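Beneath this line is the structure, given in structure tokens, with notes to follow.
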Amino acid sequence: TMKADLELTLTHDGDTWKAYNELFMAEGESFESLDEQLTTSIKSSGNFPKGSRIKVFMGFDSYPQGYNARFFNRCVDLKL
């Protein structure tokens with residue numbers, strides 16, 4: 001397996017998905033909006049070259065109530 005370029009904690013408060021670490025934070029009501037905000041946040045940081053593809057791992061800190069059986073850790077490829 002390929003190692004992630006960025007590892008984040010993933011949470012859900014009942015309304016919003018949040019992905020964060022000590023450098024980045026993004027949130028959205030859907031995974032699509034979360035990924036869009038995360039891409040914008042990573043681009044603006046300058047930590048990765050523009051136009052690069054990065055693998056982002058998002059691990060749950062705890063399973064949100066009501067989502068236990070249906071949701072799991074995420075790994076996405078983002079184009080910057």
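It should be emphasised that the depicted structure is a prediction, and the values quoted were computed from it without experimental measurement.
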**OP:** Could you tell me the separation between the CE atom of M58 and the CG atom of L6, rounded to the nearest 0.5 Å?
**Re:** 8.5 Å
Original post:
Ion pair present between D77 and K55, side-chain N to carboxylate O less than 4.0 angstrom?
Top reply: yes
Original post:
Is it the case that one hydrophobic cluster holds both V76 and F60, taking links as side-chain heavy atoms less than 4.5 Å apart, direct or via other members?
Top reply: yes
**OP:** Provide the closest heavy-atom pair for W17 versus L34 in the form atom of the first, atom of the second, distance.
**Re:** O-CD1, 3.8 Å
**OP:** Look at the side-chain heavy atoms of Ile, Leu, Val, Met, Phe, Trp and Tyr, link any pair under 4.5 Å apart, and say whether L80 and F57 land in one connected group.
**Re:** no
Original post:
Which residues, ordered by chain and number, are linked to M25 in its hydrophobic cluster, where ILVMFWY side chains connect at heavy-atom gaps below 4.5 Å, directly or through other members?
Top reply: Y20
Subject >> All side chain to side chain contact (heavy atoms under 4.5 Å, CB included) counterparts of T40, not counting sequence neighbours >> reply: none
Subject >> Criterion side chain to side chain contact (heavy atoms under 4.5 Å, CB included) on L10 and K18, from CA distance to verdict >> reply: CA-CA 6 Å; L10 182 66; K18 294 181 180 164; over 6 Å; no
Subject >> Euclidean distance, K50 NZ relative to K43 NZ, rounded to 0.5 Å >> reply: 7.0 Å
**OP:** Report yes if the side chains of L78 and L38 come closer than 4.5 Å at any heavy-atom pair, otherwise no.
**Re:** yes
Original post:
When rounded to the nearest 0.5 angstrom, what distance separates CD in E7 from CZ in F24?
Top reply: 13.0 Å
Original post:
So, do T9 and T11 sit near enough that their side-chain heavy atoms are less than 4.5 Å apart?
Top reply: yes
Original post:
So how far is it from T39 OG1 to I54 CD1, rounded to the nearest 0.5 Å?
Top reply: 7.5 Å
**OP:** Sort and list the pairs that fulfil side chain to side chain donor-acceptor pair (under 3.5 Å) and have at least one residue in residues 21-37, not counting sequence neighbours.
**Re:** S30-S33, D35-R74
